[in-house]
Colleague: 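Got a structure here, written out as structure tokens. Questions coming.
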Amino acid sequence: MSKRTIIPFGPQHPVLPEPVHLDLVIEDERVVEAIPSIGYIHRGLEKLVEKREFTEMVYVIERICGICSFGHGWGYCKSVEGNMGIVVPDRAEFLRTIWHELSRMHSHLLWLGLLADGFGFESLFMHSWRLRETVLDIFEKTTGGRVIFSVCKLGGVRKDIDADGLKEIVKLLAGMKAEIKELTDVFLEDYSVKNRLVGVGVLSRDEAAELCTVGPMARASGLRQDIRLDGHGAYAKLAFEPAVEEDGDCHARCKVRVRELFQSIDLITQCAESMPDGEISVPVKGSPSGEFVARMEQPRGEAYYYSIGNGSKFLERMRVRTPTNMNIPAMVKTLQGCDLADVPMLILTIDPCISCTER
Amino acid sequence: MSYITKSPWVIHYDGSSCNGCDIEVLACLTPMYDVERFGIINTGNPKHADIFLVTGSVNEQNIPVIKQIYEQMPKPKVVVAIGICATSGGVFRECYNIMGGVDTVIPVDVYVPGCAARPEAIIDGVVKGLGVLAEKRARLPQELAEERAQRLAVSEADEAEAVITVEIPGDAKAAAEKGDGQNV
């Protein structure tokens with residue numbers, strides 16, 4: 001019987017820029033149990049609905065997370081718009097879809113970089129982040145901000161992209177395709193990378209369903225689950241089939257995200273080609289008084305936005321449920337019985353966003 | 001290159017930031033801005049670091065973490081608060097779990113505003129931090145001497161006090177002399 005040791009992981013750890021703490025119970029080199037503890041980034045921003053008017057609250061919700069900032073803003077707007085029965089113009093929905101897919105690209109490229117850093121492939125990390133800068137340049141050109149750009153508002157969007165701008169975006173992304181292919185081929189084909197990813201942290205289809213995983217984590221285990229299929233925004237008018245893999249290991253999770261990168265380029269191109277004319281926003285009158293649930297497919301999976309109004313300028317309650325929250329049980333499950341050296345891989349492949357989770 | 005006389009190593013901790021500033025800190029290191037070409041390295045070890053970059057504001061749970069990292073860093077050290085949250089609490093100022101800026105816990109030398117702070121601003125902040133670092137380095141010998149003198153004075157006072165106050169009861173003293181390991 002070997003001796004059990006507890007190794008603390010985090011809160012300040014080089015693998016993750018964010019603080020999360022895990023107690024890893026080790027028997028020799030094998031992890032027997034992982035006990036997560038969170039709370040380092042809890043701000044309590046849902047309670048701010050009592051102090052901020054519902055129109056101002058968009059700025060706070062956008063700052064739940066700096067990576068999927070646009071998606072959070074859209075989710076909140078969708079929830080309150082549903083609450084008040086506002087119909088958003090088509091052009092605004094298409095523009096929102098473009099920015100949301102660009103956010104997905106930036107998030108996945110960022111994640112690929114962190115993964116490469118996790119298994120010690122420094123130059124791959126640098127290349128992923130170099131490509132990501134192109135996406136950030138598009139954000140800066142179209143909205144003025146790099147990571148948090150507050151372009152989504154209740155009733156539509158703040159800025160328009162003209163036909164030339166759309167053409168330029170499509171051209172830039174088409175140019176990126178070859179570079180992304182070159183980069184992601186290393187992730188998917190390279191022998192030493194495969195050595196770290198294939199067969200590590202396998203989550204079967206049944207386990208994934210039972211543990212309520214969402215997003216790329218669920219899709220990598222063979223579940224065809226994607227909120228974009230319900231056709232919100234412009235998705236109903238776009239040809240789209242979610243990327244599903246069957247293996248359920250770290251390599252499959254990587255593959256899903258790589259396929260989604262190309263899918264996002266495709267979706268943005270489709271949006272640019274079929275962009276409708278018209279207004280980009282409608283005025284918002286009155287105050288929300290009902291309740292409404294909106295769902296979004298964030299880069300990390302399904303997010304859920306609940307709002308209930310009381311007829312005043314302040315919402316009664318606002319609730320957000322984020323994808324990482326749903327994937328933590330699956331992460332803890334895959335950590336049981338893994339090698340100590342694989343722990344960073346397993347934590348990274350759920351693409352944890354602690355800031356979203358704790359709010 | 002002669003204008004750079006020091007390549008600081010930085011350590012980064014995310015207080016309760018939204019990730020916006022954190023990914024911009026990392027963006028400084030990657031090919032677009034690439035401060036690593038000046039020998040600036042993001043280290044995970046506080047004992048290797050010269051400059052402490054804190055993003056996000058402070059809450060009850062991360063106070064000990066921030067203090068520990070700060071205390072483990074060798075002197076001279078500089079703290080740069082990145083983003084408006086680290087400066088004052090920013091948009092989250094009125095949240096129940098936010099105590100305010102980083103300066104409520106440790107002394108801050110440079111404040112970088114912005115939400116999220118742009119990489120150019122962060123690099124500028126670190127360069128300003130270099131100036132502070134040079135000043136602190138110049139003051140360090142004097143500071144250390146003062147500290148040492150203070151420590152000596154304290155320990156002398158302690159010794160003088162110890163002679164007067166310590167009284168060991170007779171039987172306990174006998175037990176201790178016998179050396180039977182009893183905790184007196």
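Just so we're on the same page: letters track the sequence lines, and every chain starts at 1.
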Colleague: Which label fits A/Phe70 and A/His100: parallel for a plane angle under 30°, tilted from 30 to 60°, or perpendicular past 60°?
Modeller: tilted
Colleague: With a 4.5 angstrom heavy-atom cut-off, is it the side chain or the backbone of A/His106 that approaches chain B, or both, or neither?
Modeller: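 Side chain of A/His106 only, per the 4.5 Å heavy-atom cut-off to chain B.
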Colleague: Considering only heavy atoms and a distance below 4.5 Å, find which of B/Pro119, B/Pro31, B/Gly20 pairs most often with chain A.
Modeller: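 With the most close heavy-atom pairs to chain A, the winner is B/Pro31.
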Colleague: Indicate whether any N or O donor in one side chain lies under 3.5 Å from an N or O acceptor in the other, for A/Glu260 and A/His108.
Modeller: yes
Colleague: In terms of heavy-atom pairs under 4.5 Å, which option from A/Ile148, A/Ile67, A/Val60 contacts chain B the most?
Modeller: A/Ile67
Colleague: Against chain B, work out which of A/Lys47, A/Arg130, A/Arg146 has the most heavy-atom pairs shorter than 4.5 Å and name it.
Modeller: A/Arg146
Colleague: What part of B/Ser17 gets within 4.5 angstrom of chain A, counting heavy atoms only: side chain, backbone, both, or neither?
Modeller: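 B/Ser17 touches chain A through backbone heavy atoms alone.
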Colleague: Using a 6.0 Å distance limit plus a 45 degree cone around the ring axis, check whether B/Lys77 lies over the aromatic ring of B/Tyr70.
Modeller: yes
Colleague: Please state whether the side chain, the backbone, both or neither of A/Glu140 comes within less than 4.5 Å of a heavy atom of chain B.
Modeller: side chain
Colleague: Test your reading of the model: is there a side-chain donor-acceptor pair from A/Tyr305 to the backbone of A/Cys77, 3.5 Å cut-off?
Modeller: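 No.
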Colleague: Select, from B/Ile98, B/Asp34, B/Asn59, B/Asn62, the one with the greatest count of heavy-atom pairs under 4.5 Å involving chain A.
Modeller: B/Asn59
Colleague: Out of B/Val25, B/Leu29, B/Thr30, return the one with the most heavy atom pairs under 4.5 angstrom to chain A.
Modeller: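 Looking at each of B/Val25, B/Leu29, B/Thr30 in turn, B/Thr30 comes out on top.
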Colleague: For A/Ile354, is it the side chain, the backbone, both or neither that has a heavy atom under 4.5 Å from a heavy atom of chain B?
Modeller: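 Neither part.
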Colleague: Do A/Arg319's NZ or CZ and the ring of A/Tyr306 fall within the cation-pi criteria of under 6.0 Å and 45°?
Modeller: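 So A/Arg319 doesn't make the cation-pi contact.
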Colleague: At a heavy-atom separation under 4.5 Å, does B/Cys21 approach chain A through its side chain, its backbone, both, or neither?
Modeller: neither
Colleague: Between B/Lys75 and B/Glu147, is there a side-chain N and carboxylate O pair less than 4.0 Å apart?
Modeller: yes
Colleague: Measure distances from A/Ile64 to the heavy atoms of chain B and classify the residue's part below 4.5 Å as side chain, backbone, both or neither.
Modeller: backbone
Colleague: To the closest 0.5 Å, what do you measure between SG (B/Cys95) and CD (A/Glu46)?
Modeller: 10.0 Å
Colleague: Would you call the rings of B/Tyr96 and A/His42 parallel, tilted or perpendicular, taking 30° and 60° as the class edges?
Modeller: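 Rings of B/Tyr96 and A/His42: tilted, as their planes differ by 30° to 60°.
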Colleague: Please classify the contact of B/Gln68 with chain A as side chain, backbone, both or neither, using a heavy-atom distance under 4.5 Å.
Modeller: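 No part of it gets close to chain A.
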